[in-house]
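Taking it in order: structure first as structure tokens, then the write-up.
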Amino acid sequence: MAQTTMKRGPVSGTAIDRATRRRRPFLIDLYSTAVGKKYVMAITGIGLLGFVLFHMIGNLKMYFGAQDLNHYAHFLERLLYPILPEKYALWLMRGGLATMALLHIHAAYTLTVINRHARPVKYQSERDYQVASFASRTMRYTGIIVLLFVIWHLLDLTFGAGSVNSYVGTKDAEGLKDVYGAVAFSLNRVPVAIFYVLANIALGTHLFHGVWSLFQSLGWNNPRFNKWRRAVATSFATIIVVGNVSFPIAVLAGVVG
Ligand code: HEM
């Protein structure tokens, strides 16, 4: 009887896949894992924290008067001039900032999708919620509020788009962009001022948990450090919220403007 020799394929596709698949660059490979995404969230988060801190410190110049704030904005536009033409360094920083923000959002979104797949059935018991703090449970929502705030904020104070802020583009007595006047114009509108206050409280909650968990993501989570982690997260979030919330209050109180 003729014997039929059947060639047996691999048990699963994995063996062939591994052999034939072209290797992706290491960083892309790492980013496809949950751990890689957490790294990206932590590293871009540190960059964004730096921006938020320096932005708040820069804005404190409004307490020294219009000239100081407008000169500061002008200084940023002329950063590295004449090595680079005016505004080039500023645009490079804007590019870096936008890239970090996009990566941060993409990693957050894709991590949420991975977590949903890992746990298709929602937590059933109330008890589980006690484990996660209020800040950690609300990261997604505070993140979305901050994103919506930034979109409004750019239309308002950077672009002065349409009727959002008709003052943007006005020059001061020295012929410089009157950033001080634009801030006063914007925050003198009570609903806008209230939105700034609420959005910055959401930002503070987001920052608190963000700072707390970036230690975890980077592997610095020895229980001995937890007291310090909490102190650093609380101090950072408080400094940002107090500084930023003071601006709309100062404008409405007539201290600025
Ligand atoms: C009450 C608090 C704040 C005030 C008074 C304020 C003020 C300003 C002003 C005046 C500008 C325009 C600067 C210029 O055209 O030279 C600006 C730009 C900007 N702000 Fe704020 N800001 C505040 C809070 C925030 C927060 C909380 C964020 C982020 C979470 C943020 C993100 C930005 C960004 C991304 C830009 C664009 C920077 C650029 O393109 O150069 N700001 N802000």
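Order of listing sets the numbers, starting from 1, for every ligand and every atom in it. Values in this document were obtained by computation on a predicted structure and should not be read as measured data.
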- Do any nitrogen or oxygen atoms of Y196 lie less than 3.5 angstrom from nitrogen or oxygen atoms of ligand 1?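 Not met; the criterion fails.
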Which of the ligand 1 atoms, numbered from 1, are nearer than 4.0 Å to a heavy atom of [X]:
X	result
R94	39 (C), 40 (O), 41 (O)
K177	14 (C), 15 (O), 16 (O)
L203	27 (C)

[X] (side chain) donor-acceptor with [Y] (main chain) under 3.5 angstrom:
X	Y	result
H104	M41	yes
T138	Y141	no
N70	V179	yes
K38	S217	no

Residue, atom name and distance, where the atom is the protein heavy atom closest to [atom]:
atom	result
atom 26 (C) of ligand 1	F149 CE2, 3.5 Å
atom 34 (C) of ligand 1	F51 CZ, 3.7 Å
atom 36 (C) of ligand 1	L154 CD2, 3.7 Å
atom 30 (C) of ligand 1	V150 CG2, 3.8 Å

- Could you verify whether a donor N or O on one side chain and an acceptor N or O on the other, from S186 and D156, lie under 3.5 Å apart?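 Side-chain D/A pair, S186 to D156: present.
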- Message: To the closest 0.5 Å, what do you measure between CD1 (I43) and CG (L103)?
- Response: 10.5 Å
- Task: Give, for atom CG of L53 and atom CG of L48, the distance between the pair rounded to the nearest 0.5 Å.
- Result: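 The distance works out to 12.5 Å.
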[X] and ligand 1 - part of the residue with a heavy-atom distance under 4.0 Å:
X	answer
V245	neither
V183	side chain
I240	neither
M93	neither
V179	side chain

- If Ile, Leu, Val, Met, Phe, Trp and Tyr residues are connected whenever their side-chain heavy atoms lie under 4.5 Å apart, and connections chain through other members, are L148 and L157 in the same group? no
- Item | For atom 21 (Fe) of ligand 1, every protein N/O/S atom that sits closer than 2.8 Å, waters excluded | H55 NE2, H153 NE2
- With respect to atom 27 (C) of ligand 1, which of L90, V146, N200, N165 exhibits the smallest heavy-atom separation? N200
- Message: Side chains of Y196 and F149, heavy atoms from C-beta outward: is any pair under 4.5 Å?
- Response: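 Yes, their side chains come closer than 4.5 Å.
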- Is the distance between the ring centroids of Y180 and F185 under 6.0 Å?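 No, the ring centres sit 6.0 Å or more apart.
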- Item | Output field: ring centroids F159/H153 closer than 6.0 Å |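 Centroid distance F159-H153: not below 6.0 Å, so no.
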- Query: Heavy-atom distance from atom 1 (C) of ligand 1 to the protein below 4.0 Å?
  - Reply: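 So far as the 4.0 Å threshold goes, atom 1 (C) of ligand 1 is in reach of a protein heavy atom.
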- Query: Should the pair D29-R23 be classified as a salt bridge under the 4.0 Å nitrogen-to-oxygen rule?
  - Reply: yes
- Message: Show me the pairs that pass side chain to side chain donor-acceptor pair (under 3.5 Å) and involve residues 233-245, at least two apart or across chains.
- Response: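 As it turns out, the side chain to side chain donor-acceptor pair (under 3.5 Å) pairs with a partner in residues 233-245, which skip direct neighbours, are N200-N244.
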